[in-house]
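Data first, discussion second: the structure below is written as structure tokens.
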Amino acid sequence: MNREWLEKDFYKELGISSSASQDDIKKAYRKLARDNHPDKNPGDAKAEERFKAVSEAHAVLSDPAKRKEYDEARRLFASGGFGRGGFSPGGSGAYGPGGFATGEFNLGDIFGGAAAAGGDGGLGDLLGGLFNRGGGARTSSRPRRGSDVETETTLGFREAAQGVTVPLRMTSPSPCTTCHGSGAKPGTSPRVCPHCNGTGVVSRNQGAFGFSEPCDDCRGTGSIIDDPCSDCRGTGIQNRTRTITVRIPPGVRDGQRIRLAGQGEAGLRGAPAGDLFVTVHVSQDKVFGRNGDDLTLVLPVSYTELVLGTTVSVPTLAGRVGVKVPPGTADGRTLRVRGRGVPKRGGGAGDLLVTVKVAVPQKLDDNAVEALRRYAEAEKTSGFDPRAGWAGA
Ligand SMILES: [Zn+2]
Ligand SMILES: [Zn+2]
């Protein structure tokens, strides 16, 4: 990362010049934040990313002290101060031959003394964990918003149409509850690495140049765990499963992604929680189908029902409804029952569309066959010709 971060152009992000006034910054931010707000662009990942970038830029530039630090850091970076040989705080690799070639180089010195001392504010805080790995004492004190969580669930057709409250099980990494994230067995604690004195890096001199390398003894963490916590095997992190109850609104479609604000990972130290995104899969139903907000079904009927007309009781999402089939209804015709479809967002519901389909008896008793023969004669006499006007006849 780091390099990328320093190359970020917060001014460009807000579409302003580096000499913009605090008022300009505020104005530019307000407009961009409004245009790209997730509530206004549901499901638009691009807008969401933009919103985050704009917020980040604003957080730095709106604070005159931070802005000054940022400007200085960028000036240094642009002038090659960090070197081109690979810049990696407390991590792997040397700082490179370009810049701070002699002796050790403490990033905290550049990114505000306050952060380095474990205090509040300063750009070092914004950089968070990136710059903290090397020196154990430098911990971020800026509350950070919890991360967004993605999950999925499968709903029954009727549940999805009507809305449902479902429990969702989610597994996510969180500090180990046994060792409180230290990675050391309860009752013991990690000790400062004697090889690097807790800095995580060691200096190696080669001629006139000094190189910093990650400490081998502690793998760059600055501390050594003699007795690892058995629950997290010394990582300090555990996958925790939690179950939350989520209200899925009525009318969701198969494959739809729902955003539940504030239901994601909890923020650290009182920061707001992230969002939860649930992708919903909807299973098929034996009776119902869906066409937008309309509910569809196929109603089996007999020929005589279509000819003579009838009223049939059909199921809906909520109870049954009597559907009137008028005399002389053609096979395949769709009858509409208003307001008995899928509930709509913000009230009301779509329609129930009932398509009639003739069921032909495969076997009848003599009595019925005899009656049908007589009927066929009567049909002819009455002048009905099913193929009248058909195929050019
Ligand atoms: Zn543990
Ligand atoms: Zn070490």
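The figures here come from the full heavy-atom set of this structure, side chains too, leaving out hydrogens, waters and symmetry mates. Numbering of ligands and ligand atoms starts at 1, following listing order. Keep in mind it's a predicted model, so treat the numbers as computed, not measured.
- Using a cutoff of 4.0 Å between basic side-chain nitrogens and carboxylate oxygens, K52 and E48 are scored as salt-bridged.
- Closest approach of G156 and S283 over heavy atoms only: CA-OG, 3.4 Å.
- With the Zn ion (ligand 1) as vertex, C232 SG and C229 SG subtend 110°, rounded to 10°.
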Next item on the list: Report the C-alpha distance between R340 and D351 in whole Å, list the side-chain angles of each, state the deciding distance to 0.1 Å, and finish with yes or no for salt bridge (charged side-chain N to carboxylate O under 4.0 Å, His left out).
Entry: CA-CA 5 Å; R340 298 304 294 260; D351 300 337; over 6 Å; no
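- At a cut-off of 2.8 Å, measuring from the Zn ion (ligand 2), the protein N, O or S atoms that fall short of it are C193 SG, C196 SG, C215 SG, C218 SG, waters left aside.
- Under the 30°/60° scheme for interplanar angles, the aromatic rings of Y29 and H58 are found to lie parallel.
- For the Zn ion (ligand 1), the N/O/S atoms of C176 include one lying under 2.8 Å.
- Of the charged side-chain nitrogens involved, at least one lies within less than 4.0 Å of a carboxylate oxygen, so that E150 and R257 count as a salt-bridged pair.
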Checklist line | side chain to side chain contact (heavy atoms under 4.5 Å, CB included) between V323 and V337, intermediate numbers included | finding: CA-CA 8 Å; V323 173; V337 184; 3.9 Å; yes
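- Classification of D9 and K12 as a salt-bridged pair fails, no side-chain N sitting under 4.0 Å from a carboxylate O.
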